[in-house]
Amino acid sequence: MTDFFPDIPSIPFEGSDSTNPLSFRHYDAEAVVEGRTMRDHLRFACAFWHTMRNDLSDPFGSGTAVMPWDDGSSSIENIERRINAFFEFLDKMSIDHYCFHDRDVAPEADTIDETNRILDQAVGILERRQDELGKQLLWGTACLFDHPRYVHGAATSTSVDVFAHAAGQVRRAIDATHHLGGAGYVFWGGREGYSSLINTDMPRERAQLARFLEMAVDYRRRIGFEGRFYIEPKPKEPTTHQYDFDVATCLNFLREFDLLDEFMLNIETNHATLAAHSMEHELRSAAAAGVLGSIDANMGHPHLGWDTDHFPTDLALAVRVMKVVLELDGLGQGGLNFDAKRRRGSFEPVDLFHAHIAGMDTFARGLKIAAAIRSDRRLDDAIQSRYRSWDSKLGDSIQSGQCTLEDLERHASQIGEPIMESGREEMLASIFNDFLR
Ligand code: XUL
Ligand code: CO
């Protein structure tokens, strides 16, 4: 299969001594780490919207991406060529999974019926290609933010008619995901937020969003879709505030509307940093609540305060992410989706390969290093040791609720000033760095 990238071979694993940029130096799909293959740990997915539909334009300039297979039209032939190019790419890259937005595979037509007909055709092509090549849909989603009708949001729109459009669109996108055997479906609150509170009834919009999600849960049950439902936290952009701001906000929302059993979270690095959290903070917050489901593997740029969706090339970050994933014993049906785009200057088709190789090798290396840190145990032991005073009779009686403020006051006055210990932050950071080689 070399119709679209004729000069680029399938990417081989060549090991860490290789200097061939079109090879994996770390991602060895069948290599076993902590009893599981890299392929199963990482469950890499490629995002159709970035890889096939992102022309690399930015707010100041037009697209630069060279895509000889794409004539820019919405013809079914062009739709098919894009999908074929996508699957040739997945095949050559040994990427097992993919993610898509409905409107990116099948652009909107003049009427809803025509739009749905084109979507069905596109889904038929996706199905053929994924089955031929043994690829799997990690998750599907609906683009509820591009069309002008969604200017004031979709589920949170001021217009009940827009809510109806969004509901129909999501129904079809869930159908498409279900038909393709998708392991999940993502709800991303693209415009589910506000531009200004001067014209917004926030409690009302949040209740609308909850109702929308309840209807989707009801629909999922009726059609027997067994993939996970995910919410993808993001604090802002293009809105000034999104209702799924961060993990803590999503957990509160899901608890408030009794939806916690129905949703997990798909957590994205650049959204975490946009919310002024680290990715590790967001992952640990979700894992502690049992809702860490899947990851959008990208990164932001430290000097740019927006969602730049850089390919993840930060090794220390990948180690931190994979350590949480290993502690969780994997993401189950979830995976690592490269919700990442090339820089505007990396416009040649081969840059798609370089970008994904960089991301996959970074995470494969992150996985190996995280496993080494876990088996070494010094960092985990240091954390455990900091709390060892709680492994005591007093600690137990506080935790089990058998102790009052007066009891503790008596204890404090008996023992006098507690002896405090250093947190050894710099020493531990230095040990962490020792593993990054
Ligand atoms: C957008 C983003 C995408 C969407 C998918 O900021 O991160 O993954 O969430 O719909
Ligand atoms: Co994302």
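Remember, it's 1-based here, ligands and their atoms both numbered in the order they're listed.
Between Arg36 and Asp329, at least one side-chain nitrogen of the basic residue sits less than 4.0 Å from a carboxylate oxygen of the acidic one, meeting the salt-bridge criterion. Using a 4.0 Å cut-off between charged nitrogen and carboxylate oxygen, Glu262 and Arg228 do not count as a salt-bridge pair. Between Asp307 and Lys234 a salt bridge is recorded (basic side-chain N to carboxylate O distance below 4.0 Å). Under 4.0 Å is where a charged nitrogen must lie from a carboxylate oxygen, and between Arg171 and Asp175 at least one such pair does.
Under a 4.0 Å heavy-atom criterion, His271 is in contact with ligand 1. Within the structure, ligand 1 lacks Val186 among the residues with a heavy atom less than 4.0 angstrom away.
In this structure, Phe145 has its ring center at least 6.0 angstrom away from the ring center of Tyr150.
For the Co ion (ligand 2), protein N/O/S neighbours under 2.8 Å (waters excluded) are Glu232 OE2, Glu268 OE1, Asp296 OD2, Asp339 OD2.
The shortest non-hydrogen separation linking Ala275 to Pro235 is N-CG, 3.5 Å.
Within the structure, every pair that satisfies the ring-ring contact (aromatic ring centres under 6.0 Å, His included) test and touches residues 203-222, not counting sequence neighbours, is listed here: Phe163-Phe212.
The part of Asp296 lying near ligand 1 is the side chain, judged by heavy-atom distances below 4.0 Å.
Ring-plane geometry between Trp69 and Phe4 is classed as perpendicular, the angle between the planes exceeding 60 degrees on a 0 to 90 degree scale with a lower cut at 30.
For ligand 1, the atoms closer than 4.0 angstrom to any heavy atom of Asp339 are 2 (C), 3 (C), 7 (O), 8 (O).
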